[in-house]
Protein chains: 2
Amino acid sequence: MLKKYTIRDIANLAGVSKGTVDRVLHHRGKVSETALKKVNDILDKIDFKPNLIAKNLKNNKVYRICVLLPDPKKDVYWEPCISGINTVISELGAFGVNIETVLFNPTQTKSFLDANAQIQRSMPDAVLLVPLFFKEALIVMETYEALGIKVSTFNNRIASEAAKSFIGQDLFQSGRVGAKLLQSLVNEGDIAILHVSEKYKNAVFMQEKEKGFISFFNDLDSPNYNLLKHKLKDLDFETSLKNFIAEHPHLKGIFVTTSKTHQVATIIQKLTPKKIALVGYDLLTENIAYLKKGTIDFLIHQHPKQQAYLGLKLLVEHFIFEKEIPTQLLLPIDIINSENITLSARD
Amino acid sequence: MLKKYTIRDIANLAGVSKGTVDRVLHHRGKVSETALKKVNDILDKIDFKPNLIAKNLKNNKVYRICVLLPDPKKDVYWEPCISGINTVISELGAFGVNIETVLFNPTQTKSFLDANAQIQRSMPDAVLLVPLFFKEALIVMETYEALGIKVSTFNNRIASEAAKSFIGQDLFQSGRVGAKLLQSLVNEGDIAILHVSEKYKNAVFMQEKEKGFISFFNDLDSPNYNLLKHKLKDLDFETSLKNFIAEHPHLKGIFVTTSKTHQVATIIQKLTPKKIALVGYDLLTENIAYLKKGTIDFLIHQHPKQQAYLGLKLLVEHFIFEKEIPTQLLLPIDIINSENITLSARD
DNA sequence: TTTTTTTGTGTGTTCGAGCACATTTTATCT
DNA sequence: AGATAAAATGTGCTCGAACACACAAAAAAA
């Protein structure tokens, strides 16, 4: 138990050489049945864990991993991802991994394609990317596949076999969480789901949240609530929202499906004397301010930092310690209010 | 950048031997100023990260770490800790650490003292423990200090210099989160904080939560709410609670400071036709059942698994990779409702 | 000037697993 | 039986950092 067995120990115990033990362990064949049995008998008796340290000493390759994500300058939502990547570098950089971050403009598909082409030319061992543009991502991932470059995705799920691994949230369930929170806040009246459509198309992801949101109230089947739905464009944002609110005097709660929740909060705070419950997404500075003020009641945390951190860490550990990469890793859907924000803002 | 520098590389670049480089790196002295400068010049130029793998190969010591926690058979709250410990074993066991779990009876201080005495006789390199009994824990930790055994604590914070490291929740803030949740659920009326006193004394920890709870409503300073406080003993639990509820017809919300929330739920569900909002602690099976049924509105997750996992992992990495152990690590205060429970139950 | 001490430098071995290669043993064929 | 092929087994080197030890050069003492 206290002893740390080595291949040599096993060889001595079995009365064979370490070469033979090695062949047994790796099923390399060229072992007589008698020797095989002798070694296996010992292996059954003791708990042999090959020393990971020695195992990797020989392999002095530097693995190269690229991370591709939207430029945080264009959308601050991605800001924490950078810090997640840096955490991995500081934790695992000494094991011989080279991590490069590549950014693309989330408003332009071309930027996404260009960045991928650039990465593919440099031929890294693996790529962790945000497949923001559905169609383009599919094509890009096939190219990676053909080049023998491993691909993991995070934040946005792509239903495709090319996507070997995904780290992120279950958006359907996330929508249900939002619904449940509104039910906690509002006893009866109109409840609206609001899509703030951003410049880039991530309609698929907003739809998933909507499905979950609606499914919750369907399951609830209560006469107290009346569901509404509304889309907001960046252009006529303010007037459109004001009109919507004016048209629905019984509006008691709003669920915003994107991180632009603060834009809605700005209006609600100004416009109405009577309280409308507001649930939205992501810990942007503006959102946090409204959360603390009380305009936003709950925020759902999508863990951008954690997503990048875990996705990258899994890739690194795959190369260094030969760990398996799970096909999908769904992160918990964190509910944030004004009181647990300080402790959650870190990641 | 792509090159992974070794000590040998640096030696060649500086025109000295690897022994000299080693002496410079470890400040072992016995290096002439000329040689020191030559080596440092190279070190400034390149980004040298000593290979952690090779570094530990030589050090083939098996570190022994004991984990001491209450027996999950006596209180299921601790059940997930075991799985957290096992995760560390499977993740880091191959690096040469021996982890032993020792259980004590949370209803008996003697059991705690006995278990510690047993651990101290076996002289491990470090101990991770739950300092459930304040006074006894202080004494015990001094003994560990004297024996040169590193101690980390989790779940319960002990205000003492002997506690080098703590992993757990900020209980004061946790009480504030509970208060905020009740405020979200209830618009006006009586709101009660309920202590279900368990057999063992953890009064200190319940008090912290209470302070936070009260501080929130003090800060709010709203005439809509009226705070109540009540203690429940295991013996006359049911009658006492029923009486309390009967005495306060305007009771609209209850905050239970322990994992025994389900006991309160049982009564609330039976007794009252009109809804009383209920916020409590921990993802016990019974609590989860009431959460899904709607009797419990929110549960605060104390992350028992994560606490044990992180506490142990930090100790292991301290020995294996010489990482610093933080003096305290406060885990996020997770809010759980019926919809995000499935994804959070895992840890 | 010679001997002793101090200080600086380089060399060689170790750790455990992996794998190439050498060597021994066993089986097959003339 | 002897030659040869095939299978089984053992040996020895590698990886990078750490450290003991040997040895050289310079400084101090005789």
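To find a chain, count down the sequence lines: A is the first, B the second, and so on, and within it residues start at 1. Atoms considered below: every heavy atom in the structure, side chains included; atoms not considered: hydrogens, waters and symmetry mates.
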Is there a donor-acceptor contact under 3.5 Å linking the side chains of [X] and [Y]?
{"X": "Thr6(B)", "Y": "Asp9(B)", "result": "yes"}
{"X": "Gln169(B)", "Y": "Arg157(B)", "result": "no"}
{"X": "Tyr77(B)", "Y": "Asn155(B)", "result": "yes"}

Going by heavy atoms in the side chains, are [X] and [Y] under 4.5 Å from each other?
{"X": "Phe166(B)", "Y": "Ile158(B)", "result": "no"}
{"X": "Pro70(B)", "Y": "Leu132(B)", "result": "yes"}
{"X": "Ile149(A)", "Y": "Pro124(A)", "result": "yes"}

Could you tell me the separation between the [atom1] atom of [X] and the [atom2] atom of [N], rounded to a whole number of Å?
{"X": "Lys30(A)", "N": "dG10(D)", "atom1": "NZ", "atom2": "C1'", "value": "15 Å"}
{"X": "Ile320(A)", "N": "dC15(D)", "atom1": "CD1", "atom2": "P", "value": "18 Å"}
{"X": "Lys37(B)", "N": "dG8(C)", "atom1": "NZ", "atom2": "C1'", "value": "19 Å"}
{"X": "Glu33(A)", "N": "dT9(D)", "atom1": "CD", "atom2": "C1'", "value": "16 Å"}

With Val88(B), the side chain to side chain contact (heavy atoms under 4.5 Å, CB included) member among Leu312(B), Val97(B), Ile65(B): Leu312(B)

Distance test, side-chain N/O of Ser32(B) to OP1/OP2 of dT9(C), below 4.0 Å: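 Yes, Ser32(B) has a side-chain N/O under 4.0 Å of OP1/OP2 on dT9(C).
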
Short side-chain N/O contact to dA8(D) OP1/OP2 from Thr20(A), under 4.0 Å: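 Checking dA8(D) against Thr20(A), no side-chain N or O comes under 4.0 Å of OP1 or OP2.
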
Nucleotides 17-23 of chain C: protein proximity per nucleotide (B base, S sugar-phosphate only, - neither; heavy atom, under 4.0 Å): SBB----

Steps toward side chain to side chain contact (heavy atoms under 4.5 Å, CB included) verdict (Tyr144(B), Ile119(B)): CA-CA 10 Å; Tyr144(B) 281 116; Ile119(B) 291 172; 3.6 Å; yes

Rounded to 10 degrees, the angle between the two terminal axes of the helix from dT4(C)-dA27(D) to dT30(C)-dA1(D), each from five pairs: 70°

